[in-house]
Amino acid sequence: MNNKEAIAKILAKQTKLKEDEILSILEVPSNPELGDIAFPCFKLSSIYKKNPIEIAKELESKIKITKDLEKIKATGPYLNFFLEKSNLAIEVIKKILKEKEKFGTEKNKQTIMIEFPSPNTNKPLHLGHLRNMSLGESVSRILEHKGNKIIRANLNNDRGVHICKSMYAYEKWGKNKTPESEKIKSDHLIGDYYVMFSKAAKENPALEEEAQKILQKWESGDKKTIALWKKMNKWAFDGFKETYKLFGIKHDKQYYESEIYGQGKELAQEGLNKNIFIKKDNAIIADLTDEKLGEKVILRADGTSIYITQDMYLAILKDKEYKLDGSIYVVANEQDYHFQVLFTILKKFGYKFTKNLHHLSYGMVELPEGRMKSREGTVVDADDLILETQKLAKTEIKKRFPKLSEKELNIRSLKIALSAIKFMLLKTDHVKNIIFNPNEAISFEGDTGPYIQYSYARASSILKKSKKKPEIKLTSKILKEKEILLIKKLAEFPEVIENAQRNLSPSIISNYTLELAHIFNEFYHQTKVLDSENEIFLLALVESFRIVCKKSLYLLGIETVEEM
Ligand code: ARG
């Protein structure tokens, strides 16, 4: 039984309200000085036809103090309950120290696929992909923590007109250059040709048709085209692999558009036969005007497959292979329309699994300088951003630990850089657009990942310095304000995760972790743990903070460092 339930039970005995009714109106006062739980007396006022202020006063005198209740106080129309903190403290800390990183877990046992970041193979991963991967990995970990089986999947959009553009440019201007000859990361080389194409096509729009011609050749199996495609795609994949590794992403399943687009085309035909689609100017079209989604091309007039063609089949394949209870697509909100159309079409085909599909749509990432465009070559490449941020971290670490070995410096600076990037990308509600400022992200102060890592390291150092062992034993029952605040915040953790899971929202955990770190730092400044009266208990409290802080960061895909 939790505190609210216990209080509801007490109140039910004294009033005409049922426990459930009471539970639904109990509040947590925003000002902790007013108490831990408040019971508003307005409802009773209409039942007893009495002033709620009087009712609160009467209840105050009737209810007896128990060992879990420190005091009860009527304040205006509210009856405020103050819980006995030392008991609460002991219960919470006991639970955290016992369950450790399993604190707040459940056994949901659903099988859920999360697909991210699913790049196109014509250019390297950019800052937008970093937001995508941060979200995808964090949501995976949150759902895993709740006991689900997660399959991390990646769709490689490895064919289509976009890659034909890079291919065209490479053939025309590439002079057989290779990543080795140019000493450049292989996916960056492809990106350069994509930009080259886009610039040239701006001057000469006829080039767009040239790219489309290459696509037709590719679909008809032209040997030379396929060979070039293979060579360039390999460069893309090799490059992506490195970036995933650097960012800490591992997939359980890879899908390739080139392997499934054929079945997608068959589906387009099947939809036509079943009158789900219509033919218009030789193209196959879904008429979704009734659904207010307009008309959507499913297969081009020249017979070539497009983005949505393969996605229809992919959804079916995923469900067939894994019998999924849920399937989440982490994709930017530019594609909201695409997924509305996709899910509507699958429903028309009658696939029951459609109800399990979910587009986790997120906003754009902009730089302080403005919007990025891949085509114009004004994007920030993921690799560059990570390495630049790592440089900033190194400078900061060197100031504090000038004698650190090169190896340790590399490991630590990467952990801090990734924390800076991931936290910055996750702390804002994912539906919103964000402006990413690397210098702000890396700061050890402020609302940043490194600030939280720093708080964690501080906790570790307290434990290292003490000669005593943490124990759940209070010498003095009087706890200080910040100690109580910290305990209360730790107790919120399971509810926070629950909330984050329900909303598929890592930002809820980010904000919680930030508040937790703030409170810990206030506690740190107020309380001298070492040699204090309650030292062994406070050590247990610090250890609990470490456990919950580490787990929260883990759920955000962020690692801790022991010294900062
Ligand atoms: N490759 C696409 C892009 O870069 C995203 C793919 C998302 N996944 C999907 N199943 N459609 O825009």
Side-chain angles (χ1 to χ4, degrees), residues 112-137 139-140 151-166 187 190-191 194-195 198 215 232-233 236-237 239-240 243-244 249 251-261 263-264 267-268 286 296-298 305-322 324 326-346 351 353-354 356-365 372-375 379 381-382 430:
I112 300 170
M113 178 175 280
I114 306 190
E115 189 213 285
F116 65 98
S118 301
N120 297 338
T121 51
N122 60 328
K123 54 177 195 273
L125 303 180
H126 54 68
L127 177 51
H129 289 112
L130 292 184
R131 187 178 199 186
N132 182 310
M133 293 192 283
S134 302
L135 260 175
E137 181 60 24
V139 169
S140 300
I151 297 142
R152 290 166 175 78
N154 188 29
L155 164 68
N156 296 284
N157 288 119
D158 61 345
R159 47 132 277 138
V161 75
H162 50 86
I163 169 104
C164 293
K165 290 177 180 177
S166 302
D187 50 340
I190 300 183
Y194 184 67
V195 172
S198 302
L215 183 63
M232 291 183 74
N233 260 346
F237 295 137
F240 294 164
T243 313
Y244 297 147
I249 303 292
H251 290 107
D252 305 301
K253 176 75 187 174
Q254 296 284 347
Y255 291 107
Y256 298 90
E257 178 176 351
S258 60
E259 291 171 4
I260 57 173
Y261 81 104
Q263 284 97 323
L267 267 175
K296 173 79 180 97
V297 177
I298 301 298
S305 162
I306 50 178
Y307 182 42
I308 196 159
T309 325
Q310 46 103 36
D311 248 336
M312 297 190 298
Y313 179 69
L314 179 61
I316 298 169
L317 182 64
K318 285 176 174 177
D319 185 70
K320 197 167 89 187
E321 284 182 328
Y322 290 97
L324 299 170
S327 178
I328 299 173
Y329 298 79
V330 184
V331 186
N333 61 12
E334 287 175 315
Q335 296 191 24
D336 286 354
Y337 173 72
H338 170 80
F339 284 99
Q340 281 167 10
V341 169
L342 176 66
F343 297 167
T344 306
I345 289 173
L346 289 166
Y351 288 109
F353 64 74
T354 311
N356 302 332
L357 306 179
H358 179 76
H359 172 205
L360 182 62
S361 165
Y362 62 89
M364 297 285 123
V365 192
M372 316 183 292
K373 290 212 179 79
S374 324
R375 251 169 281 162
V379 290
D381 289 324
H430 56 267

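Counting convention: from 1, in listed order, for ligands and their atoms alike.
Residue F339 has at least one heavy-atom neighbour below 4.0 Å for each of these atoms of ligand 1: 9 (C), 11 (N). For ligand 1, the atoms sitting less than 4.0 Å from at least one non-hydrogen atom of E115 are 7 (C), 8 (N), 9 (C), 10 (N), numbered in the order shown with element in parentheses.
Nearest protein heavy-atom contact of atom 12 (O) of ligand 1 is Q335 NE2, 2.7 Å. Closest protein heavy atom to atom 2 (C) of ligand 1: N157 OD1, 3.3 Å. If you check which protein heavy atom lies closest to atom 10 (N) of ligand 1, you get D311 OD1, 2.8 Å. For atom 6 (C) of ligand 1, the nearest protein heavy atom (residue, atom name, distance) is Y307 OH, 3.1 Å.
Rounding to the nearest 0.5 angstrom, the gap separating the CG atom in D311 from the CG atom in L317 is 11.5 Å.
Screening E115, E321, K318 for a side-chain hydrogen bond (donor to acceptor under 3.5 Å, both in side chains) involving Y255 leaves a single residue, E321.
For D336, the side chain to side chain donor-acceptor pair (under 3.5 Å) partners two or more places apart in sequence, or in a different chain, are S361. Under the side chain to side chain donor-acceptor pair (under 3.5 Å) criterion, N122 pairs with no residue, sequence neighbours left out.
No donor-acceptor pair under 3.5 Å is formed between the side chain of D158 and the backbone N or O of T121.
Of the polar atoms of Y329, none of the N or O atoms is found under 3.5 Å from an N or O of ligand 1, judged by distance alone. Taking any N or O of H129, backbone or side chain, none lies under 3.5 Å from an N or O belonging to ligand 1.
Judged by the 6.0 Å distance and 45° axis criteria, R131 is not positioned over the aromatic ring of Y362.
By the 4.0 Å heavy-atom criterion, E334 is excluded from the residues contacting ligand 1.
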Check step by step if ring-ring contact (aromatic ring centres under 6.0 Å, His included) holds for Y307 and H338. CA-CA 9 Å; Y307 182 42; H338 170 80; 4.2 Å; yes
